[in-house]
Each structure stands twice: as structure tokens, then as C-alpha cells.
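This report refers to the structure that appears directly beneath it.
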Amino acid sequence: MPIAALRLEEIARALDDARRKGSPIARPITVADADLDDAYAIQRVLMRSAHEHGGGLRGFKIGTTSAAAMARVGVAEPLYGFIERADAIVDGGVIDLRALIAPRIEMEVAFVTAADLEGDDCDAEAVLAATAYVVPALEIIDSRYTPGPFDVVAAVADNMSTARHVLGTARLDPRAVALPTITATLCKNGVEIARGAGSAVLGDPARSVAWLVRALARDEVHVPAGSVVLSGGFADALPAAPDDTFVARFTPGGAVTCTFSTHGPHA
Ligand code: MG
């Protein structure tokens, strides 16, 4: 039986509150008592609130895009969330850890769209045609839950752990660069801790964005022109701690950087 609308609103409010305060809560719904439709309905409430009371929507993010991640989570397709303008950090910027709970970081490429993307038949070719350019990016994810085993319904309700994102400055033409062949390394404080390639993202990051468009079409939502879409991690997300500086180097695409601090951006 679907969860009552009032209960969905209540859960969304609790998650919104936890996110704003950087203070974790117990999982209000799990696979034991809800399904992904309920979880996405909660996400819609959060999205509406971000649109009406926040700085506005910037686009979407796709998660669980590698075969290994899907197997680990027990899903047959990726999962998505939305991203807000207020979550953007400039390249080289400082991320205030006081506002976060247990952040992790991953390397991705982000698509910046030049035309609306919609429809349940969207494919990678349509995504490339609608893309202005692709940029190297770092995504910072952060669960709003107290420590515990990963729960797919709880994670989707929590906007797929979306927290911050950093876009690089290099603009790649996805019609000139084969996205699966882009490689990247992630260094923490000068030491390499991860490496990956675009092929880890559903075989091709453009395929990941096409999946998102088809998934949104089920709920009559589309990706408007001018959106930023984080297409999925090149490798697993790794934890960030105070004073950590991360540099991801993309070939091609160059570097994108951020530092975590407990002193805020003006330290
Ligand atoms: Mg991600």
C-alpha cells in the first residue's frame, strides 16, 4: 500500500532539516516498509521545496552507475537525485565540513545541456546532440542518516546523498571526445587514492544521462536546457576529512580541485 502523502511530506521535512543542520537522523523508511516509488515521491517533495525556498534547481545526478555498485546495492538500473545551485562550489574552493555529516568524494564528468531532454525513448545520441559541453567534476555525497547498512529506499528518499559539486573549467566537446575513454586519477593530499575511466559509467556517461531522461519521463519530468547533469562516478566514492585537498586529473579535461575545512570558506 502506498505511503500517505502526509507521511511523505513529514519524512521530506525531517530530511531537509537534517541536511540544513548537518545533523543525522534514523532512517524514516527502508525497503522493509516502502518501495522506490515512495522514495522518489519524497525526493519530489524535496525538489519542490528546493525550487520554491532554496536557490533553485541546477540539474540532476545519477548514481549507482557501475555494474559493481548495482550488484552491491541490489538494483538492476541506476538511481538518481537532483542538484541545487546552492550546492555548487567553485573549482579550487573550500567545502565547509561543519555543514556535512560523513562526506565522500568521487570523480565524474558533468553534462551541461543546450536543449531540453525528454522522452521515454531518449538514447545516448540524443543526449550528445542536446549537450553544449562536458566538464570534469567532483561530486561530494553525504548521507543524512545515522551510521547503518546502506538501504536503497532510504538513500533515494535522501536525494541519493547529494551534497556538493565542483565543476572544472575545461569544456570538452562530447562529439569530439569519446567519453568512455576519458581517464581520471584522484589524489588526496598529493597521494593517488583512486583511478577510473568514463567506461565505468554504464559503459558510456552519455548512456547514463539517457537512462536518467527515460527514468524521469515515467514521472513526466524532463531535463531543461541549461541543466548540469552529474553522470556517475568513475570509481567508488572515498571519505573526506578536515584539511584534505583533493585533485582529480582528467585526460582530457585537466584538473578539478577542492579542500575540506572545519573553518569555513574564509579560514
Ligand atoms: Mg556521483
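Heavy-atom basis, side chains included; hydrogens, waters and symmetry copies ignored. When a ligand or atom number is given, it counts from 1 through the structure's own listing order.
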Asp17 vs Lys21, salt bridge (charged side-chain N to carboxylate O under 4.0 Å, His left out): CA-CA, chis, key distance, verdict = CA-CA 6 Å; Asp17 209 43; Lys21 292 180 181 156; 2.9 Å; yes

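- For the Mg ion (ligand 1), the nearest N, O or S atom contributed by Glu139 is named OE1.
- Looking only at its N/O/S atoms, Glu106 has OE2 as the one nearest to the Mg ion (ligand 1).
- Considering just the N/O/S atoms of Glu108, the one nearest the Mg ion (ligand 1) carries the name OE2.
- Contact annotation: the side chain of Val75 approaches that of Met70 to within less than 4.5 Å [non-hydrogen atoms, C-beta and beyond].
- The side-chain heavy atoms of Asp173 and Tyr133, taken from C-beta on, include no pair separated by under 4.5 Å.
- Using a 4.5 Å heavy-atom cutoff, the side chains of Met160 and Thr64 are in contact.
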